[in-house]
Q: 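Here it is, the structure, as structure tokens.
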Amino acid sequence: MRHVGLKWVMAAQFAYKHSAIEKKWQKRWRKEKTFSPDIAKAKKPYYNLMMFPYPSAEGMHVGNMYAFTGADIWGRYQRMRGFDVFEPMGLDGFGIHSENYAIRIGEHPTAVSKRTQKRFYEQLERAGGSFDWTRTLETYDPAYYKWTQWVFVQMFKKGLAYRKKAQVNWCPSCKTVLADEQVINEECERCNTKVVDRELEQWFFKITDYADRLLNNLDKIDWSEKVKIAQRNWIGRSQGVLIQFSLAGPVGSSSRSTSSLSAAGTQRDPLRSRHPQDYVEIFGTRPDTIFGTTFLVLAPEHPLSLEISTRGQIQKVKQYIKTSQKKSNEERMAKARGKTGVFTGAYAVNPFNNEKIPIWIADYVLLSYGTGVVMGVPAHDQRDFEFAKKHKLPIREVIRSKGEKWNRKQAFEGEGVLVNSGKFSGLSSREAIEKISNHAQKNRIGQRKVQYHLRDWLISRQRYWGPPIPMIYCEKCAKGGKGEHKGMAGWYPVPEKDLPVKLPHIKNYQPKGAGESPLALDKTWVKVACPECQSVARRETDVSDTFLDSAWYYLRYPNIGKKDDAIPWNRQVTKKWLPVNMYIGGAEHAVLHLMYSRFLAMAFHDWGLIDFEEPFTRFYAHGLLIKDGDKMSKSRGNVVVPDTYIKKHGADTVRSYFMFLGPFDQGGDFRDTGIAGMNRFYGRVWDLVTGTQNLILDNTGDAKATYVRIHQAIKRVTEDMENLRYNRAIAGIMEYVNFLQDMRGKGVPTKGKMRCTEWEEALQTLVKLVAPFAPHIAEELWQSNWGGKKFVSVHLQAWPEFSPELTLELTLEIPVQVNGKLRGTVRLDREQAGSQKAVEKEARKLEGVSRHLKGKKGKKVIFVPERLLNFVVS
RNA sequence: GCCGGGAUGGUGAAACUGGUAGACACGCAUGGUUUAGGACCAUGUGCCGUAAGGUGUGAGGGUUCGAGUCCCUCUCCCGGCACCA
């Protein structure tokens with residue numbers, strides 16, 4: 001029987017040649033616009049987006065291809081499910097990453113980007129993505145960044161962009177400031193240089209205004225839980241209270257005279273009668289521990305730290321502030337457990353027990369969080385505990401855990417029952433938090449407060465390769481106190497008709513490091529007429545953060561080609577295509593790109609420009625393809641480019657190989673062993689379809705079994721596709737192919753037109769199932785076997801459907817156990833397999849089973865219909 | 001420290017609501033085909049054992065007729081956050 005099949009195999013050997021078909025179909029698809037949906041008329045729009053790459057000039061590496069392949073397979077699958085899939089591609093090539101590369105190779109970024117663009121798009125097409133090549137965008141294209149600048153202008157107009165002097169993260173190597181999110185372990189995320197603090201005036205976006213919505217909306221969107229958690233952590237909401245501690249004791253050396261002592265707590269309306277310097281305000285999340293406060297600590301940078309210090313201590317305090325400022329962040333971290341500090345000489349009064357407690361200054365307290373002052377509760381906070389031990393401050397227990405005595409070796413940070421807490425003693429921590437907060441609020445000594453870790457988004461970059469921030473500063477207006485917004489006298493946005501503010505060509509574009517962008521070098525460019533008074537003004541010379549480019553690009557894609565309107569998108573198109581149905585990208589952007597994009601969408605929504613708040617309905621984080629256990633990167637020198645593999649084995653093989661490596665959300669380690677195996681598999685698929693069109697299965701039993709297998713295969717692959725479990729889907733297809741090969745061995749070849757319907761259907765199904773993974777092979781096989789006169793791509797064919805009742809096996813194998821140990825199996829018809837009687841009868845006949853039952857007393861028999869039989873004996 | 005995710009053959013990995021652990025591949029071995037190599041085809045392949053059989057999902061305990069899967073304790077690895085009060 002077998003040899004009949006073998007003849008074909010030998011005849012068909014080596015028939016599959018990827019080089020002959022891949023380019024051919026890529027050209028055809030482009031010509032036919034197979035993957036360009038009709039944006040205006042599409043009936044079932046589906047926006048399948050993947051994170052656009054920043055093009056390193058080496059070109060696309062296998063890590064990129066891995067990510068895009070998985071996303072593209074999703075798009076192709078949805079297309080076959082009947083959707084008008086829009087799958088755009090572009091380049092995020094404006095920004096530090098591209099500029100740094102240009103500097104390294106000593107070429108101008110304009111020239112570099114021209115080259116990388118060509119190379120990247122070529123590679124992407126060769127890798128077999130179903131992109132809409134009629135709608136690409138590059139962030140460095142003035143037609144694009146015109147609108148990035150427009151976004152900035154709107155942010156300014158709506159009061160969400162502001163300028164302030166602030167302590168910012170400065171990368172000495174990139175010579176620019178960085179957003180908090182771009183600092184990883186105190187290092188610049190781009191070049192791993194230690195970041196230092198610098199005081200500079202910068203542009204910020206008020207993302208903190210949206211903190212609550214950014215947090216709450218997370219519950220409404222279908223995103224990887226991992227990413228949601230990362231965002232929640234980053235937003236870092238904590239519920240607490242602000243409590244005012246009056247100053248007591250000599251307020252000293254500063255020239256400012258205060259009337260502080262009188263304010264200590266007894267007036268009717270203390271809030272109003274006090275000067276701000278009469279009290280210090282703390283932020284804490286554990287008001288239940290307030291009776292355990294034995295000292296207060298101010299951050300060294302706190303404005304009051306010098307003011308409250310006494311004459312005797314002021315020199316020491318000054319010295320301490322100076323040294324802690326000089327410390328780099330790194331040192332401050334390294335000494336994290338050192339708990340250095342200095343006493344100010346001043347005292348405060350705990351409003352809950354009127355106790356006089358000392359005020360200290362220590363750099364374990366951060367100015368940037370809360371009020372920059374904490375209440376020191378050494379018994380119940382480990383940091384305070386260490387500080388108290390070191391500086392010999394009193395430690396008082398006020399929370400006791402159930403029945404246990406506190407060991408005094410380290411702080412007890414858990415919740416418990418209050419002791420030594422006046423009238424609050426005996427309450428549980430939970431109750432006390434409530435009651436103490438209420439008490440503070442009622443007596444005007446404090447209030448509830450929600451505190452976020454999230455800070456405003458630092459937008460300015462002192463670099464060349466980015467969109468110039470479209471702002472103008474007029475000195476004359478500034479002097480006159482005129483300006484678009486209060487508090488920002490002299491600042492005007494560039495009028496929208498004048499956008500884009502084109503990036504001038506500057507030969508020496510390298511960053512200078514003086515806290516100023518190289519754009520400042522072009523004096524004629526800087527000079528501009530004030531939009532308000534027409535006198536000579538100057539342009540802002542900083543460019544905006546790369547993440548602004550990518551925070552809104554998804555809105556642009558479907559609108560490319562639309563005539564420019566007053567806003568960068570057409571409302572109808574946007575309504576039809578957005579929000580994005582599926583967004584696929586790396587989890588490394590969890591707190592950067594994804595947070596910024598959400599923020600801007602909310603702002604656009606609030607201005608009435610779009611009607612959704614969340615830009616990405618579904619986000620799926622793919623895993624990373626790594627190399628030898630390490631992330632692929634130029635600095636590690638382990639970047640693998642897919643070109644040679646594509647050339648050797650074909651894109652279809654490489655794509656499938658990547659997806660077969662392991663679960664898509666898990667990534668994997670790139671090795672080239674095994675690619676050949678995938679190629680072999682497609683050789684078999686090819687031979688199967690091209691070699692055996694005319695086949696009659698020799699009996700109806702085989703035909704029936706074939707039908708069951710077709711439906712089982714469809715079911716399995718479909719379910720796996722739905723869950724993006726491509727590795728399983730491919731395994732399912734392989735099993736199916738293995739089965740078909742066996743069937744072919746049994747079949748009888750026929751001449752001429754005679755065909756067996758089941759077989760024909762089996763092959764068509766195979767080609768469709770394979771199509772998302774191996775688009776070129778599928779197209780070739782489809783067109784040459786079932787293609788009509790008019791070209792209709794296999795990728796527009798309907799995904800095969802299955803009937804659940806047809807997936808049921810005709811016979812079932814039932815495992816038989818004795819005391820839970822497998823002793824044999826019986827094969828029965830479906831009906832019999834559901835009857836305990838029938839199964840038991842067959843099972844007892846088994847030698848391996850009867851042997852273990854002999855001489856034993858039967859206790860019971862467990863039977864799971866169609867599943868299992870277990871004899872329990874003793 | 002906190003929050004996530006993991007740990008299954010020589011390797012990548014499967015295993016639906018607890019029900020034949022290792023599907024599907026890679027690799028390896030043997031045989032076939034081939035002038036040779038490669039490619040291709042067949043068979044085998046968790047471990048110990050000639051076999052019968054035993055044993056086996058990071059470690060230990062528990063629940064159950066039955067545990068990779070559920071519960072408790074612990075170890076290690078990866079990712080994120082981190083002096084956030």
Side-chain angles (χ1 to χ4, degrees), chain A residues 2 5-6 9-10 12-14 184-185 224-234 236-238 240 282-286 289 297 299 332-333 335-339 362-366 368-377 380-384 386-387 413 451-453 587-588 590-591 623-624 626 629 657 660-663 665-669 671 673-681 683-684 687 716 719 725 727-738 741 813-825 859-864 866-873:
Chain A
R2 193 82 227 165
L6 283 180
V9 173
M10 286 160 65
Q13 247 183 60
F14 303 118
I184 312 291
N185 291 330
S224 316
E225 203 48 39
K226 226 178 144 176
V227 175
K228 287 191 186 183
I229 289 165
Q231 292 216 348
R232 283 191 195 109
N233 286 344
W234 192 260
R237 182 185 202 270
S238 49
I282 63 95
F283 172 76
T285 55
R286 289 291 302 273
T289 64
V297 192
R332 237 163 123 161
M333 291 294 280
K335 295 198 176 154
R337 301 288 157 201
K339 296 288 176 291
D363 60 12
Y364 82 89
V365 174
L366 307 172
S368 50
Y369 190 76
T371 58
V373 187
V374 302
M375 56 184 209
V377 187
H380 304 291
D381 182 286
Q382 188 57 26
R383 296 155 301 182
D384 297 344
E386 285 161 26
F387 190 77
E413 297 188 326
Q451 183 67 42
Y452 298 96
H453 171 211
E588 70 272 18
V591 293
L624 289 182
I626 55 174
Y657 169 69
F660 190 56
L661 221 50
D665 59 355
Q666 215 175 282
D669 206 273
R671 265 171 243 166
T673 63
I675 296 190
M678 188 56 75
N679 202 4
R680 232 174 285 157
F681 168 70
R684 286 202 296 273
D687 293 345
R716 171 160 182 194
E719 283 168 3
R725 312 202 22 176
N727 57 327
R728 285 181 38 123
I730 292 171
I733 297 172
M734 284 174 164
E735 276 176 3
Y736 182 49
V737 167
N738 290 345
Q741 278 188 318
E813 194 182 38
I814 309 291
V816 181
Q817 300 178 335
V818 178
N819 283 341
K821 280 209 163 113
L822 183 71
R823 297 299 177 187
T825 61
K859 279 169 84 178
K860 61 174 161 176
V861 180
I862 308 275
F863 178 67
V864 185
E866 300 185 6
R867 275 233 116 114
L868 157 136
L869 185 73
N870 186 12
F871 292 101
V872 185
V873 295

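Labels below follow one simple rule: chain letters A, B, ... track the order of the sequence lines, proteins then strands, and each chain is numbered from 1. In what follows, every heavy atom counts, from backbone to side chain, and hydrogens, waters and symmetry copies are set aside.
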Q: Does the A:Asn870 side chain pair with the main chain of A:Val816, one donor and one acceptor, at a distance under 3.5 Å?
A: no
Q: Base of B:C81, side chain of A:Asn233 - is there a donor-acceptor contact under 3.5 Å?
A: no
Q: Below 4.5 Å, heavy atoms only, C-beta onward: do A:Phe681 and A:Ile733 meet side chain to side chain?
A: yes
Q: Can the positive tip of A:Lys339 be found less than 6.0 Å from the middle of the six-membered ring of A:Tyr364, inside 45° of the ring normal?
A: yes
Q: Once the angle between the rings of A:Trp234 and A:His453 is folded into 0 to 90°, is it parallel (under 30°), tilted (30 to 60°) or perpendicular (over 60°)?
A: tilted
Q: With both distances kept under 3.5 Å, what pairs with B:A36, Watson-Crick or G-U wobble?
A: none
Q: So A:Glu813, base contact, sugar-phosphate only, or nothing? Heavy-atom distance under 4.0 Å.
A: base
Q: Is A:Lys860 close enough to B:C65 that one of its side-chain N or O atoms is under 4.0 Å from OP1 or OP2 there?
A: yes
Q: Now, which nucleotide makes the Watson-Crick or G-U wobble pair with B:A7, with each of the two distances under 3.5 Å?
A: B:U75
Q: How many Å lie between CD on A:Gln231 and P on B:G79, as a whole number?
A: 20 Å
Q: If each of A:Arg286 and A:Ile814 is mapped to the nucleotide of RNA chain B with the nearest heavy atom, which maps nearer the 5' terminus, i.e. the 5' end?
A: A:Ile814
Q: For B:G9, does the O4'-C1'-N9-C4 or O4'-C1'-N1-C2 angle fall within 90° of 0, making it syn, or is it anti?
A: syn
Q: Taking CZ from A:Phe871 and P from B:G19, how many angstroms apart are they, rounded to a whole number?
A: 21 Å
Q: Looking across every strand, which nucleic acid part, if any, lies under 4.0 Å from A:Ile862 by heavy atom: base, sugar-phosphate, or nothing?
A: base
Q: Does B:U20 have a Watson-Crick or wobble partner in any strand here, with both distances under 3.5 angstrom, and which is it?
A: none
Q: So, is A:Lys821 near the phosphate of B:U55, with a side-chain N or O under 4.0 Å from OP1 or OP2?
A: yes
Q: So do A:Val861 and A:Val872 actually touch side chain to side chain, heavy atoms under 4.5 Å?
A: no
Q: How long is the line joining CG of A:Asn679 and C1' of B:G38, in whole Å?
A: 14 Å
Q: How would you label the contact of A:Gln451 with the nucleic acid (heavy atoms, under 4.0 Å): base, sugar-phosphate, or nothing?
A: nothing
Q: Rounded to the nearest Å, what distance is computed from the CZ atom of residue A:Phe681 to the P atom of nucleotide B:A39?
A: 19 Å
Q: Which nucleotide, if any, forms a Watson-Crick or G-U wobble pair with B:G1, using both distances under 3.5 Å?
A: B:C81
Q: Considering only the P atoms, how many Å lie between B:U30 and B:C24, rounded to the nearest integer?
A: 23 Å
Q: Write down the partner of B:G66 under the Watson-Crick or G-U wobble criteria, each distance required to be under 3.5 Å.
A: none
Q: B:A15, OP1 or OP2 - any side-chain N/O from A:Arg728 closer than 4.0 Å?
A: yes
Q: Respond yes when some side-chain nitrogen or oxygen of A:Arg232 is under 4.0 Å from OP1 or OP2 of B:G80, and no when none is.
A: no
Q: NA contact type, A:Val374, heavy-atom cut-off 4.0 Å: base, sugar-phosphate, or nothing?
A: base
Q: With heavy atoms under 4.0 Å as the rule, sort A:Asn727 into base, sugar-phosphate or nothing.
A: sugar-phosphate
Q: Kindly point out which of B:C81, B:G27, B:A85 is positioned nearest to the side chain of A:Arg680?
A: B:G27
Q: Round to a whole Å and report the spacing from CG of A:Asp381 to P of B:G1.
A: 16 Å
Q: Expressed as a whole number of angstroms, how long is the span from A:Met678:CE to B:G12:P?
A: 17 Å
Q: Write down the distance separating the P atoms in B:G54 and B:A67, rounded off to the nearest Å.
A: 16 Å
Q: Choose from B:A85, B:C24, B:C40 the nucleotide whose nearest atom is closest to any side-chain atom of A:Glu735.
A: B:C24
Q: Check every atom of B:U20, B:G4, B:G27 against the side chain of A:Leu822 and return the nucleotide holding the closest atom.
A: B:U20
Q: Does OP1 or OP2 of B:A25 have a side-chain N or O of A:Asn738 closer than 4.0 Å?
A: yes
Q: Rounding to an integer number of angstrom, what distance separates B:A15 and B:G6 when you compare their P atoms?
A: 12 Å
Q: Tell whether A:Arg867 reaches the base of B:C16 with its side chain through a donor-acceptor pair below 3.5 angstrom.
A: yes
Q: Should B:U30 form a Watson-Crick or G-U wobble pair with both distances under 3.5 Å, which nucleotide is its partner?
A: B:A42
Q: Say you pick atom C1' in B:C26 and the same atom in B:U64; how far apart are they, in whole Å?
A: 38 Å
Q: Does A:Arg671 place a side-chain N or O at less than 4.0 Å from the phosphate oxygens OP1/OP2 of B:U11?
A: no
Q: For B:U20 versus B:G68, give the span between their C1' atoms, rounded off to a whole number of Å.
A: 14 Å
Q: Please lay out, stage by stage, how A:Glu735 and A:Arg716 fare under the test salt bridge (charged side-chain N to carboxylate O under 4.0 Å, His left out).
A: CA-CA 11 Å; A:Glu735 276 176 3; A:Arg716 171 160 182 194; 3.2 Å; yes
Q: Taking the C1' atom in each of B:G46 and B:G56, what is the distance between them to the nearest angstrom?
A: 8 Å
Q: Just the rounded figure in Å: distance from P of B:G27 to CD1 of A:Ile675.
A: 12 Å
Q: Do A:Val297 and A:Val365 have side chains that get closer than 4.5 Å, going by heavy atoms?
A: yes
Q: Between B:G80, B:G19, B:C81, which nucleotide has the shortest distance from any of its atoms to the side chain of A:Asn870?
A: B:G19
Q: Counting any heavy atom closer than 4.0 Å, what does A:Gly284 reach on the DNA or RNA strands: base, sugar-phosphate only, or nothing?
A: sugar-phosphate
Q: Kindly say if A:Arg725 contacts the phosphate of B:A15, meaning a side-chain N or O under 4.0 Å from OP1 or OP2.
A: yes
Q: Pick the C1' atom in B:G9 and in B:G4, then give their distance to the nearest Å.
A: 29 Å
Q: Please evaluate residues A:Gln817 and A:Leu868 with respect to the criterion side-chain contact (heavy atoms from CB on, under 4.5 Å), reporting the C-alpha separation (whole Å), side-chain torsions for both, the decisive distance (0.1 Å), and the verdict.
A: CA-CA 8 Å; A:Gln817 300 178 335; A:Leu868 157 136; 3.6 Å; yes
Q: Could you work out the separation of B:C70 and B:U17 based on their C1' atoms and round it to a whole Å?
A: 12 Å
Q: Indicate, with a heavy-atom threshold strictly under 4.0 Å, whether A:Leu868 touches base, sugar-phosphate, or nothing.
A: base
Q: Now, which nucleotide makes the Watson-Crick or G-U wobble pair with B:U57, with each of the two distances under 3.5 Å?
A: none
Q: Kindly check if the number of other-residue, nucleotide or ligand heavy atoms within 6.0 Å of NZ (A:Lys226) is above 12?
A: no
Q: For A:Asp384 and A:Gly820, take the nucleotide of RNA chain B holding the closest heavy atom to each; which residue's nucleotide lies nearer the 5' end?
A: A:Gly820
Q: Please determine, for the side chain of A:Arg716, which listed nucleotide (B:U20, B:C41, B:A23) has the closest atom?
A: B:A23
Q: Grab the NZ-C1' distance between A:Lys228 and B:C3 for me, whole Å please.
A: 16 Å
Q: What's the closest nucleotide to the side chain of A:Ser238 if the choices are B:A13, B:A85, B:U20?
A: B:A85
Q: Would you indicate which nucleotide in B:A25, B:C65, B:G19 comes nearest to any side-chain atom of A:Phe660?
A: B:A25
Q: Checking all strands, does A:Gly677 fall into the base, sugar-phosphate, or nothing category for heavy-atom contacts under 4.0 angstrom?
A: sugar-phosphate
Q: So, do A:Phe660 and A:Met734 sit near enough that their side-chain heavy atoms are less than 4.5 Å apart?
A: yes
